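Since the structure is predicted, the reported quantities are computational estimates derived from the model, not experimental observations. Along the sequence shown, the residues carry numbers beginning at 1.
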Amino acid sequence: MDVLVIGGSGFLSGTLARTALAAGHRVWAVTRGQRALPQGVRAIVADRKDPTVFRAAIESAGATWDLVVDSIGFAAADAEQDLECFAGRARQLAFVSTDFAISPFNRPWRIDETYDRFHDSPYGTGKRAAEQVLLNARAGAMAITIIRPGHIYGPGSLLGCIPFAGRDPKLIEKMRRGDTLQLVGGGHFLQQPVLAEDLAKMILSVAGNELAKGELFFGAGPDVIESWRFYQIIADVLGVELKIEEVSVQKTLAEKPDLASFFTHRVYDMSKAKAAGLRVPTTSIVDGLRTHVESLV
């Protein structure tokens, strides 16, 4: 099929492009041209923040797509732009949202897509606004699907899943040196990290799926772990001892309220995606993190 990725050179967007190519699809990417695209991807050079240029670039491509994946949209305006530019040019639009749209306060340890309490952070608010635009849209023949992932990891990204050891470019160096990692709450929050390649395959699997039209799905990995376990797996791969210092949740929230989305259980029921026949993630956290660590060392 013909796939267009809005992005294409970033972590998830690049993984999406490479995964689609490996599956035999023809792939385009909208890019600002500042970073190289995966070999074989056809570039559409435009900055989506310039609506006139973006629309002209899409029109001048002279193509239609079976699936358009917006992996970088962050606001209602981005969702509206997708509807304006791709209705009539795409059979299906997949929008990548985030679990940070959900309120982190006083929520059950596991939730599904019916959970309806949302966060007021700028990032969460923007993603939720984009979700609402798309869920309420009348896009004609273009089907719309929203994927809401939690923590995404894998080659192409930095390691780390929770403050104050989140996506740290020096994490491996610190662990090899024997440094103590400061983890808020001691890293006892539950998580369900998803390998980027698995998430990409799930996103691609919505194409042509009647049960995915107009729907929102969580995108989470198969394993539920405490956050400290994420770092223990890394330590095991490196062959080093894991040292952790607990940092107070209350004190951190008082000083850095913008980090609240990290200080809750992030566990999601994947039953809806399975029932719809989507390709749900299956790579174990141990195997996935080993691949991630080895890509960095």
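Side-chain heavy atoms closer than 4.5 Å link hydrophobic residues (I, L, V, M, F, W, Y) into clusters, and following such links, possibly through other members, connects L242 to I225. Under a hydrophobic-cluster definition in which Ile, Leu, Val, Met, Phe, Trp and Tyr are linked whenever side-chain heavy atoms come within less than 4.5 Å, directly or via other members, L135 and V68 are assigned to the same cluster. Hydrophobic clustering (side-chain heavy atoms under 4.5 Å, transitive across Ile, Leu, Val, Met, Phe, Trp, Tyr) groups V96 together with L67. With hydrophobic clusters built from ILVMFWY side chains whose heavy atoms lie under 4.5 angstrom apart, I146 shares a cluster with I6.
Residues forming a salt bridge (Lys or Arg N to Asp or Glu O under 4.0 Å) with R167 (at least two apart in sequence, or on another chain): none.
Here the shortest heavy-atom pairing between F105 and A260 reads CZ-CB, 3.6 Å. A pairwise comparison of heavy atoms in I58 and C85 identifies CG2-O, 4.1 Å as the closest pair. What you find for A220 and Q192 is that their closest heavy atoms are CB-CD, 3.6 Å. In this structure, I144 and A137 approach most closely via the heavy-atom pair CD1-CB, 4.1 Å. Nearest heavy-atom pair, A43 versus T31, reported as atom, atom and distance to 0.1 Å: CB-CG2, 4.1 Å. Pairing each heavy atom of P193 with each of D223, the nearest pair is CD-O, 4.1 Å.
Salt bridge annotation for D82-R48: present, with a cationic side-chain nitrogen under 4.0 angstrom from a carboxylate oxygen. Using a cutoff of 4.0 Å between basic side-chain nitrogens and carboxylate oxygens, K201 and D198 are not scored as salt-bridged. With respect to the salt-bridge test (charged N to carboxylate O, under 4.0 angstrom), the residues R128 and E131 qualify. Ion pair K272/D112 not flagged as a salt bridge, since none of the NZ, NE, NH1 or NH2 atoms sits closer than 4.0 Å to an Asp/Glu carboxylate oxygen. One finds no salt bridge joining R110 and D269 here, because no Lys/Arg side-chain nitrogen approaches an Asp/Glu carboxylate oxygen to under 4.0 Å.
Atom CZ of R89 is surrounded by more than 12 heavy atoms from other residues, nucleotides or ligands within 6.0 Å.
Between the side chain of D70 and the main chain of F95, no donor-acceptor pair closer than 3.5 Å is present. With hydrogens and angles disregarded, no donor-acceptor distance shorter than 3.5 Å links the side chain of T98 to the backbone of A101. A donor-acceptor pair is defined here as one N or O able to donate and one able to accept, closer than 3.5 Å; no such pair exists between the side chain of Y231 and the backbone of K243. In terms of modelled atom types and a separation under 3.5 Å, the side chain of K49 and the main chain of F54 share no donor-acceptor contact. In this structure, the side chain of H25 engages the main chain of M1 through a donor-acceptor pair within 3.5 Å. Looking at T264, its side chain never comes within 3.5 Å of a backbone N or O of S261 through a donor-acceptor pair. Side-chain atoms of D78 come within 3.5 Å of backbone N or O of A75 as a donor-acceptor pair. Without hydrogens or angle criteria, R107 side chain to H265 main chain gives a donor-acceptor distance under 3.5 Å. T145 places no side-chain N or O within donor-acceptor distance of the main-chain N or O of V206, the cut-off being under 3.5 Å. For S9 (side chain) and A36 (main-chain N/O), no donor-acceptor pair under 3.5 Å exists by modelled atom type.
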* Begin from the C-alpha positions of L253 and L259 and carry the test side chain to side chain contact (heavy atoms under 4.5 Å, CB included) through to its verdict. => CA-CA 7 Å; L253 275 174; L259 297 179; 5.9 Å; no
* side chain to side chain donor-acceptor pair (under 3.5 Å) assessment of T19 paired with E197 -> CA-CA 7 Å; T19 302; E197 184 178 349; 5.0 Å; no
* To do: Could you check E226 against H188 for side chain to side chain donor-acceptor pair (under 3.5 Å), going step by step and ending with a plain yes or no?
  => CA-CA 5 Å; E226 289 185 85; H188 290 294; 2.7 Å; yes
* Go through S103 and F118 one step at a time and tell me if the side chain to side chain contact (heavy atoms under 4.5 Å, CB included) criterion holds. => CA-CA 4 Å; S103 173; F118 301 99; 5.7 Å; no
* To do: Could you please spell out the steps behind the salt bridge (Lys or Arg N to Asp or Glu O under 4.0 Å) verdict for K213 and E210?
  => CA-CA 6 Å; K213 291 183 177 180; E210 292 292 325; 2.9 Å; yes
* To do: Go through the steps for L158 and D168 under the test side chain to side chain contact (heavy atoms under 4.5 Å, CB included), then give the verdict.
  => CA-CA 6 Å; L158 298 174; D168 184 349; over 6 Å; no
* Begin from the C-alpha positions of L159 and H292 and carry the test side chain to side chain contact (heavy atoms under 4.5 Å, CB included) through to its verdict. => CA-CA 8 Å; L159 277 168; H292 191 174; 3.4 Å; yes
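Looking only at side-chain heavy atoms (C-beta outward), I233 and I285 come within less than 4.5 Å of each other. The closest side-chain heavy-atom distance from L278 to N209 is below 4.5 Å. The closest side-chain heavy-atom distance from P104 to F262 is not below 4.5 Å. Counting only heavy atoms from C-beta outward, the side chains of L238 and R176 approach each other to under 4.5 Å. Two residues are said to be in side-chain contact when any heavy atoms from C-beta on lie closer than 4.5 Å; V3 and D66 fail this criterion. Side chains of R148 and K127 form no contact here, defined as non-hydrogen atoms less than 4.5 Å apart. Between F86 and Q92 the shortest side-chain heavy-atom distance does not fall below 4.5 Å. L83 has its side chain within reach of M142: a pair of non-hydrogen atoms, C-beta onward, lies under 4.5 Å apart.
Residues near L211 contribute nothing to a hydrophobic cluster around it, because no ILVMFWY side-chain heavy atom sits closer than 4.5 Å to its side chain.
In this structure, F74 has its ring center closer than 6.0 angstrom to the ring center of Y123.
Ring pair Y153/F230 is perpendicular by interplanar angle, where above 60° counts as perpendicular and below 30° as parallel.
E245 and T180 share no side-chain donor-acceptor pair at under 3.5 Å. For the residue pair R117 / Y115, a side-chain donor-acceptor distance below 3.5 Å is found, with atom types taken as modelled.
A distance of 9.5 Å separates CD1 of I152 from OG of S71, quoted to the nearest 0.5 Å. Atom CG of D116 sits about 12.5 Å away from atom CD of E113, to the nearest 0.5 Å.
A side chain to side chain donor-acceptor pair (under 3.5 Å) check over residues 52-61, counting only residues at least two apart or in different chains, returns the pairs R55-E59, R55-E84.
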